[in-house]
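Here's the structure we're looking at; comments come further down.
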Amino acid sequence: MRITIINGSYHQKGKTIGIANEFTSLLEKKLYKYTLVINRIELNNSKLETCRGCKNCFSNGICRLDKIDDMHKIKRILCMSDVVIFSSPVYLKMITASMKLILDRLAYWTHIFKLHNTLGIIVLSAATSGINETNAYLMDILSHLGISVIGTIYNDIYCEKNYTNFEIDRIATMIERIIKGKEEISNDLLERYFKSFQYVYKEFVKNNKYDAEINYWLQNDYLSKKTYLQLLEDNDGENVDDE
């Protein structure tokens with residue numbers, strides 16, 4: 001199992017990354033029978049260009065900026081990951097600028113469920129407020145990426161450490177059940193988003209409107225799937241970075 005931590009914090013020894021590290025340590029103990037490979041992407045140390053809004057990714061499926069920064073490498077790691085931990089402190093009821101930057105650069109993927117068969121975990125820390133707003137935002141974007149978010153681990157001044165530990169243990173147990181085939185990784189949010197996009201793209205095809213997104217859906221036979229769960233079952237395996 002390949003686990004990737006995307007750290008959006010500017011503090012390498014801060015609470016946010018500390019929670020993520022605590023979780024992976026527990027996961028290693030709980031899943032000792034399995035081989036775990038853990039990657040860490042430190043956004044603060046990565047070369048990342050901001051999205052220019054040129055829309056080339058939507059039209060042609062390619063981001064020109066991938067050739068000049070680290071984003072192509074990050075995309076490749078994401079496609080190979082079974083679990084991705086999105087770790088960020090809360091700044092003004094939002095994720096950090098570096099975390100927002102990579103999500104902007106993944107905008108095209110939010111229309112094609114590129115990271116299906118990937119589990120997501122949200123790790124947030126805040127002083128007093130903004131946890132709920134930030135979590136709702138990440139839940140929405142990650143679900144559009146095709147990620148099944150199985151839990152949020154957070155820390156604020158009102159959050160007792162034993163609650164954080166309980167949530168870490170609950171999520172680790174859920175991952176173990178998914179590995180053993182005892183839990184489905186689809187959910188109502190994923191199913192709803194999938195059906196909405198499917199309806200729109202079927203209409204586009206009827207009207208002979210094609211671009212990179214629709215071609216991706218056609219090439220991967222998404223339009224024939226009755227549910228998102230069927231898509232997961234029919235495409236069980238590693239996501240492919242085909243950009």
Side-chain angles (χ1 to χ4, degrees), residues 1-9 12 16-43 45-46 70-88 99 102-103 106 109-110 112-124 135 138-139 141-154 164-187 189-191 194 220 228-243:
M1 171 172 277
R2 287 163 291 198
I3 302 171
T4 297
I5 301 173
I6 299 182
N7 182 25
S9 174
Q12 301 304 311
T16 316
I17 191 61
I19 296 171
N21 289 335
E22 186 178 348
F23 171 75
T24 54
S25 295
L26 179 62
L27 201 60
E28 286 177 311
K29 294 176 183 177
K30 187 173 284 288
L31 303 179
Y32 66 93
K33 294 180 180 179
Y34 304 90
T35 300
L36 302 187
V37 178
I38 300 175
N39 291 306
R40 287 176 172 79
I41 299 174
E42 299 290 343
L43 298 182
N45 297 330
S46 302
D70 294 333
M71 197 63 199
H72 185 70
K73 179 174 67 175
I74 292 174
K75 287 180 176 179
R76 188 165 58 248
I77 293 172
L78 289 174
C79 285
M80 293 189 299
S81 300
D82 300 297
V83 179
V84 181
I85 301 171
F86 292 83
S87 175
S88 174
M99 183 69 78
I102 69 158
L103 294 179
L106 295 175
W109 284 10
T110 65
I112 60 174
F113 298 89
K114 181 69 174 179
L115 296 178
H116 64 272
N117 281 318
T118 303
L119 301 177
I121 298 156
I122 298 170
V123 174
L124 300 171
N135 185 54
L138 279 175
M139 282 285 295
I141 299 302
L142 301 187
S143 296
H144 275 94
L145 285 167
I147 295 173
S148 178
V149 180
I150 59 174
T152 299
I153 305 168
Y154 64 85
T164 302
N165 289 343
F166 170 80
E167 191 65 9
I168 289 172
D169 186 68
R170 184 194 69 79
I171 295 171
T173 300
M174 188 173 183
I175 291 176
E176 185 178 22
R177 288 179 56 82
I178 290 170
I179 291 174
K180 293 178 178 179
K182 296 181 180 180
E183 290 275 356
E184 292 182 355
I185 67 171
S186 185
N187 57 51
L189 193 59
L190 287 166
E191 294 290 348
F194 179 72
N220 290 276
Y228 188 71
L229 180 59
Q230 184 186 356
L231 183 154
L232 296 177
E233 293 172 342
D234 292 347
N235 295 275
D236 185 18
E238 183 177 299
N239 298 308
V240 178
D241 180 13
D242 50 9
E243 292 186 31

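Counting from 1, the numbers follow the sequence of the chain as shown. Excluded from the calculations below are hydrogen atoms, water molecules and symmetry mates; all remaining heavy atoms, backbone and side chain alike, are included.
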Completion exercise
Smallest heavy-atom separation, Leu189 atom then Met139 atom, equals CD2-O, 4.1 Å
Practice task
Side-chain contact test, heavy atoms from C-beta onward, threshold under 4.5 Å: evaluate it for Ile153 versus Ile85 and give yes or no.
Solution key: no
Exercise for the section: Would you indicate whether the side-chain heavy atoms of Ile147 and Leu119 approach each other to under 4.5 Å? Expected result: no
Practice task
Would you check if the side chain of Asn187 reaches a backbone N or O of Leu190 as a donor-acceptor pair within less than 3.5 Å?
Solution key: yes
Exercise for the section: Please test Thr24 against Arg40 for side chain to side chain contact (heavy atoms under 4.5 Å, CB included), starting from the C-alpha separation and ending with a verdict. Expected result: CA-CA 11 Å; Thr24 54; Arg40 287 176 172 79; 3.8 Å; yes
Problem - Test item: Ser9 and Glu42 side chains (from C-beta on) under 4.5 Å apart, heavy atoms - result: no
Exercise for the section: Taking Arg2 for its side chain and Met80 for its backbone only, find out whether a donor-acceptor pair lies under 3.5 Å. Expected result: yes
Exercise for the section: Indicate the atoms forming the closest heavy-atom contact of Lys114 with Cys79, along with that distance. Expected result: CE-SG, 4.0 Å
Practice task
Answer whether the closest heavy-atom distance between the side chains of His144 and Trp109 falls below 4.5 Å.
Solution key: no
Exercise for the section: With the side chain counted from C-beta on, respond yes when Thr4 and Val83 share a heavy-atom pair under 4.5 Å apart, and no when they do not. Expected result: no
Problem - Heavy-atom side-chain proximity of Ile3 to Asn39 below 4.5 angstrom - result: no
Practice task
Identify, with sequence neighbours excluded, every residue that meets side-chain contact (heavy atoms from CB on, under 4.5 Å) alongside Glu184.
Solution key: Leu229
Handout entry: Reported NE2-to-CG distance for the pair His116 and Asn235, which is rounded to 0.5 angstrom
Key = 4.5 Å
Handout entry: Distance (rounded to the nearest 0.5 Å) between Ser148 OG and Leu142 CG
Key = 10.5 Å
Exercise for the section: Applying side chain to side chain contact (heavy atoms under 4.5 Å, CB included), run through Ile41 and Ser46 and close with a yes or a no. Expected result: CA-CA 8 Å; Ile41 299 174; Ser46 302; 4.3 Å; yes
Practice task
Report the C-alpha distance between Lys30 and Asp169 in whole Å, list the side-chain angles of each, state the deciding distance to 0.1 Å, and finish with yes or no for side chain to side chain contact (heavy atoms under 4.5 Å, CB included).
Solution key: CA-CA 9 Å; Lys30 187 173 284 288; Asp169 186 68; 3.6 Å; yes
Fill in the blank from the handout: Closest non-hydrogen contact found for Leu124 with Ile19 is O-CD1, 4.4 Å
Handout entry: Nearest-0.5 Å distance that lies between atom CD1 in Ile141 and atom CE in Met99
Key = 12.5 Å
Completion exercise
Applying ring-ring contact (aromatic ring centres under 6.0 Å, His included) to Phe194 and not counting sequence neighbours gives Phe113, Trp217, Tyr228
Fill in the blank from the handout: Correct closest heavy-atom pair for Ile102 and Met71 would be O-CE, 3.7 Å
Problem - Non-hydrogen atoms of Leu26 and Ala172 that approach each other most closely - result: CD2-CB, 4.5 Å
Handout entry: Heavy-atom side-chain proximity of Ile179 to Tyr34 below 4.5 angstrom
Key = yes
Handout entry: Flag side-chain contact, heavy atom, 4.5 Å: Ile5 against Val123
Key = no
Completion exercise
Interatomic distance, CD1@Ile178 vs CD1@Ile171, rounded to 0.5 Å, equals 10.5 Å
Problem - Rounded distance (nearest 0.5 Å) linking atom CG of Leu115 with atom OG of Ser143 - result: 11.5 Å
Practice task
Verify side chain to side chain contact (heavy atoms under 4.5 Å, CB included) between Phe23 and Ile121, making sure each step is shown before the conclusion.
Solution key: CA-CA 10 Å; Phe23 171 75; Ile121 298 156; 3.4 Å; yes
Fill in the blank from the handout: When rounded to the nearest 0.5 Å, the distance separating OG of Ser186 from CD of Gln230 is 11.5 Å
